[in-house]
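As the structure is a prediction and not an experimental result, all values here were calculated from the model. Sequence lines set the chain letters: A, B, ... in the order given, protein chains first and strands last, and positions in each chain run from 1.
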Amino acid sequence: MDTKKQMQTIIRRLKKEYPKSKTELFYGTPFQLLTATILSAQTTDVLVNRVTEPIFKKYKTANDFLKLTPEELEKMIKSINYYKTKAKNILSCAAIIKERFSTEVPKTMQDLITLPGVARKTANIVLSEAYGINEGIAVDTHVKRLAARLGISNNTDPVKIEQDLMKITKKENWQLVSNLLIYHGRRVCDAKKPRHSDCVLADICPSADI
DNA sequence: CTCCCGATAT
DNA sequence: ATATCAGGAG
């Protein structure tokens, strides 16, 4: 079966299911998106938004966040897991962005992944959402799980999964496919109990033995 | 490979 | 009690 056609079908059907799919992370500025995405590692977006909403009212740019001490930021994001590491990374990012990138969140993959706590997944989110740049496909836990279940990629390395997805997806759909798979992963194809009977992809999915 | 290390659903 | 949640670094 043609995997490119399979991907086209997946995108068409999921687009119909979730016409308004976009990031569910709350943010205003590029640095806020970077911050929210760093916080979102192994954490639900609902919890991230709960924590960032009051913070983002006061702190919008890298320079704003540099007014905070690590201890102050830790206290504000205490309910997020890995809060110490994340607080340190966010402030390190702010400092580096101020010093090396004239206070602006970088617009290239190469520059973004030099930031602490930022790898391809986070960089892809920032590039596509904040700047509209399709450098790659953001592969998170949902994309990884759905790619495996749909028989698209058996790799465990997120970078290889991203390459497998890019090969069979039109570049213009790179950010869309990531958002669609995440939406579907959260609502129907969840990790514990995938709801095959409610899945619009069931007939083309190797994992749905209905 | 381990560490980071909280909230929530089941 | 345990698995999982928009991962990344050492």
Side-chain angles (χ1 to χ4, degrees), chain A residues 14 18 20-28 30-56 70-71 73-97 105-106 109-131 134-149 153 155-163 165 174-195 207:
Chain A
L14 291 183
Y18 318 113
K20 301 229 166 207
S21 74
K22 56 175 172 54
T23 181
E24 295 181 81
L25 292 172
F26 169 73
Y27 73 98
F31 189 79
Q32 288 179 339
L33 176 61
L34 177 65
T35 299
T37 310
I38 289 173
L39 290 175
S40 70
Q42 296 291 285
T43 308
T44 59
D45 57 342
V46 176
L47 192 54
V48 172
N49 289 338
R50 192 185 303 165
V51 164
T52 55
E53 198 191 347
I55 300 176
F56 287 176
E71 292 74 20
L73 185 54
E74 279 179 19
K75 192 176 286 184
M76 297 165 94
I77 64 171
K78 186 86 164 73
S79 59
I80 304 277
N81 65 346
Y82 316 145
Y83 67 96
K84 287 185 182 175
T85 306
K86 289 172 178 176
K88 182 159 62 71
N89 284 341
I90 289 165
L91 293 183
S92 296
C93 282
I96 294 169
I97 286 170
V105 177
M109 174 66 69
Q110 193 179 359
D111 286 341
L112 278 168
I113 60 177
T114 65
L115 300 172
V118 179
R120 286 192 64 90
K121 181 256 169 181
T122 300
N124 276 325
I125 303 282
V126 172
L127 288 172
S128 63
E129 290 291 333
Y131 296 133
N134 272 330
E135 180 79 22
I137 296 176
V139 176
D140 73 330
T141 182
H142 296 295
V143 174
K144 181 177 178 179
R145 183 178 65 253
L146 267 67
R149 285 183 179 163
S153 176
N155 283 309
T156 53
D157 179 3
V159 177
K160 289 182 179 172
I161 296 171
E162 183 182 358
Q163 288 171 350
L165 285 168
W174 282 1
Q175 86 282 27
L176 177 65
V177 78
S178 183
N179 282 332
L180 288 174
L181 291 178
I182 290 165
Y183 253 62
H184 194 58
R186 292 189 57 204
R187 289 162 178 73
V188 177
C189 191
D190 61 282
K192 291 178 182 172
K193 269 175 51 181
R195 300 169 55 191
S207 309

What's [X] touching, base or sugar-phosphate or nothing? Going by heavy atoms closer than 4.0 Å.
X        : result
A:Lys86  : nothing
A:Ile80  : sugar-phosphate
A:Leu115 : sugar-phosphate
A:Leu25  : base
A:Lys78  : sugar-phosphate
A:Val48  : nothing
A:Asn179 : base

Next on the checklist: Of the listed nucleotides (C:dG7, B:dT10, B:dC5), which one gets closest to any side-chain atom of A:Lys192?
Outcome noted: B:dT10
Next on the checklist: Side chain of A:Ala41 only, heavy atoms from C-beta on: which candidate in C:dG7, B:dC5, C:dA6 is closest?
Outcome noted: C:dG7
Checklist entry - Side chains of A:Arg195 and A:Val188: does their closest heavy-atom pair fall under 4.5 Å? => result yes
Item to check | Close side-chain approach of A:Val159 and A:Arg120, heavy atoms under 4.5 Å | outcome: yes
Return no unless some side-chain N or O of [X] is found under 4.0 Å from OP1 or OP2 of [N].
X        : N     : answer
A:Thr141 : C:dC5 : yes
A:Arg50  : B:dT8 : yes
A:Thr122 : C:dG8 : yes
A:Arg120 : C:dG7 : no

[N] [atom2] sits how many Å from [X] [atom1], rounded?
X        : N     : atom1 : atom2 : answer
A:Asp45  : B:dA7 : CG    : P     : 17 Å
A:Lys193 : B:dT8 : NZ    : P     : 21 Å
A:Asn89  : C:dG7 : CG    : P     : 15 Å
A:Glu24  : C:dA6 : CD    : P     : 9 Å
A:Leu34  : C:dG7 : CG    : P     : 15 Å

Next on the checklist: Centroid distance below 5.5 Å plus an interplanar angle below 30 degrees: do A:Tyr82 and B:dC4 meet both conditions?
Outcome noted: yes
Next on the checklist: Has A:Ser178 got a side-chain atom pairing as donor or acceptor with A:Gln175's backbone, closer than 3.5 angstrom?
Outcome noted: no
Item to check | Span that lies between the P atom of B:dC3 and that of C:dA6, in whole angstrom | outcome: 25 Å
Checklist entry - Distance between the P atoms of C:dA3 and B:dT2, in whole angstroms? => result 15 Å
Next on the checklist: With a 3.5 Å cut-off and heavy atoms only, can you find an N or O donor on one side and an acceptor on the other between the side chain of A:Ser178 and the base of C:dA6?
Outcome noted: no
Checklist entry - Are there more than 12 heavy atoms of other residues, nucleotides or ligands under 6.0 Å from atom CD of A:Glu71? => result yes
Item to check | Evaluation steps, side-chain hydrogen bond (donor to acceptor under 3.5 Å, both in side chains), between A:Asn155 and A:Gln163 | outcome: CA-CA 10 Å; A:Asn155 283 309; A:Gln163 288 171 350; over 6 Å; no
Next on the checklist: Need to verify one output field. Residue with the more 5' nearest nucleotide on DNA chain B, A:Ser79 or A:Thr85?
Outcome noted: A:Thr85
Checklist entry - Do you know the tightest heavy-atom contact between A:Val139 and A:Ile161? => result CG1-CG2, 4.0 Å
